[in-house]
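Each chain gets a letter, A, B and so on, in the order the sequences are listed, and its residues count up from 1.
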Amino acid sequence: MNILIGTVLIWIAAFFAVRHLRRTAPAVMPRLWQQSLQTFLFMLPRVPAGLLGAGFLAALLPAALVDRWFGADAGVTGILLATLFGAVTPGGPFVAFAIGASAIKAGAGAGALVAYVSSWSVVCLLRTISYEVPLMGASFTRIRLLVSLPVPVLLGLAAHVIWRSVL
Amino acid sequence: MPDKDKTDPSEDGNRARDGQDGAEAAPKPRRPFDRGFGVVAALAVASGAGVWVTKGPETFLRIFFEDLGFAAELLPKIAGGIILATALGLALPRDKVLRLVGPDSGIPGLVIAALAGALLPGGPAVTYPLTASLMAAGADLAAAVSLVTGWVLLSLNRTLVWELSFLPHDLVLLRVLITLPVPVLLGLALRWLRRRRQEARS
């Protein structure tokens, strides 16, 4: 049900965006379809692979351990640990989100998940080393990472507190 | 200065548009089966084998069909997300955005930089050159960090396409909402630090 609502909302938004584009810049319409198709074909094998990996991994993860270290009761320890794991997770978005999905299935809390996703987003070793340092320079990268350092932990704590008070 | 403002970013804007693509990806035409896919596939095969061995074939098959069905249910949403993200990227006036993020743009400049990072689609091969050309055109470090942070933490494209595919909607919404001010706050922190250092020097 959740998926259906999301699908409908996204298609409504997509409809208006496409209509706007067709009115304002009809020349780019072929590029829109071509790029969308390319991206879709790129994702087609990755989504089932990522979901299967997440499902199997969740079944293998000892739920008691995940719950103890990353569950809602783990609090700050879980958030710090998740931040650490996020920073060292290699690979693209589907790797990190698949791992996050497994952890949620195995009982991880909102704080740990948000800390993990944020930390992976900020650091993302592969992207930082192969793109940011060569394109932006080591100094820019260092400054950006330094000011971003507290972000995953603070966001994790905020998510933890809000999630608890909402539920 | 005005000349530079005009030529550099727009040139890069064109280049960026040609190179733009749906997800975080390499600059060259993407091969459908690259190393990233290899990692995920290996992870799925290894953990699948682990489940087969430790939990038995029944559990393996149950998870296998459950998640394949889930993937099939997600595909229409993913297709919609891709069309939405691609259309937004083509509709946004990239060159205008770049001109708005000048050195004396204050908080609005940081907000625009952060929004540009979050909304403009494209992988690292697009966003970093864009940021670099912006700095060359006179934007300060704070605006550049706001843009890169807006992109890494709040990329609309990645959230629509990947995050919503894998994680529960309510958690994604919570994460996005509490993350919204972060890119601007980091930019403000950098400007504050620079001011303090200048004061200490004088």
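- Using a 4.5 Å heavy-atom cutoff, the side chains of F40(A) and L75(B) are in contact.
- Looking at V182(B), only its side chain comes within 4.5 Å of chain A, counting heavy atoms on both sides.
- At a 4.5 Å heavy-atom cutoff, the contact between L171(B) and chain A is made by backbone and side-chain atoms alike.
- Looking at I178(B), the atoms closer than 4.5 Å to chain A (heavy atoms on both sides) sit in the backbone and in the side chain alike.
- Taking 4.5 Å as the limit, some side-chain heavy atom of F60(B) sits within range of a side-chain heavy atom of F56(A).
- Both the backbone and the side chain of L57(A) come within less than 4.5 Å of a heavy atom in chain B.
- Pairing each heavy atom of I104(A) with each of P168(B), the nearest pair is CG2-CG, 4.3 Å.
- A heavy-atom distance below 4.5 Å is found between the side chains of V117(A) and L167(B).
- In the displayed structure, I107(B) atom CD1 is contacted under 6.0 Å by at most 12 heavy atoms of other residues, nucleotides or ligands.
- In this structure, chain B has heavy atoms under 4.5 Å from both the backbone and the side chain of L32(A).
- Distance check, rounded to the nearest 0.5 Å: CD1 of I10(A) to CG of L164(B) gives 5.5 Å.
- Interface remark: V147(A) contributes backbone and side-chain atoms alike to the contact with chain B (heavy atom separation under 4.5 Å).
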Carefully, step by step, assess S148(A) and L186(B) under the rule side chain to side chain contact (heavy atoms under 4.5 Å, CB included).
CA-CA 7 Å; S148(A) 305; L186(B) 292 187; 3.5 Å; yes
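- Using a 4.5 Å heavy-atom cutoff, the side chains of F15(A) and I83(B) are not in contact.
- Side-chain contact between L68(B) and P48(A): present, with at least one pair of heavy atoms (C-beta onward) separated by less than 4.5 Å.
- Interface residue A144(B): backbone and side-chain heavy atoms are both found under 4.5 Å from chain A.
- Using a 4.5 Å heavy-atom threshold, the side chains of L52(A) and V45(B) count as separate.
- With a 4.5 Å cut-off on non-hydrogen atoms, L154(B) does not touch chain A at all.
- Looking at T54(B), only its side chain comes within 4.5 Å of chain A, counting heavy atoms on both sides.
- With chain B as the partner, the residue from A13(A), S36(A), G53(A), G156(A) showing the most heavy-atom pairs under 4.5 Å is S36(A).
- V148(B) has its side chain within reach of R144(A): a pair of non-hydrogen atoms, C-beta onward, lies under 4.5 Å apart.
- The greatest number of non-hydrogen atom pairs below 4.5 Å with chain B, out of E132(A), H20(A), K105(A), is found for E132(A).
- Of the inter-residue distances, the one linking H160(A) atom NE2 with L174(B) atom CG reads 12.0 Å to the nearest 0.5 angstrom.
- Within the 3.5 Å criterion, the main-chain N or O of L84(B) finds no donor-acceptor partner in the side chain of W11(A).
- Top candidate by heavy-atom pairs under 4.5 Å with chain A, chosen from A49(B), A42(B), G48(B), is G48(B).
- Looking at I12(A), neither its backbone nor its side chain comes within 4.5 Å of chain B, counting heavy atoms on both sides.
- Contact record, V152(B) with S121(A): O-CB, 3.1 Å, taken as the closest heavy-atom pair.
- Residues L153(B) and S118(A) are in side-chain contact: their nearest non-hydrogen atoms beyond the backbone lie under 4.5 Å apart.
- Heavy atoms of I143(A) lying under 4.5 Å from chain B belong exclusively to its side chain.
- Most heavy-atom pairs under 4.5 Å with chain B: of the set A25(A), A98(A), G137(A), this distinction falls to A98(A).
- Around CZ of F140(A), the count of heavy atoms belonging to other residues, nucleotides or ligands within 6.0 Å exceeds 12.
- Of the atoms belonging to A189(B), not a single heavy atom falls under 4.5 Å from chain A.
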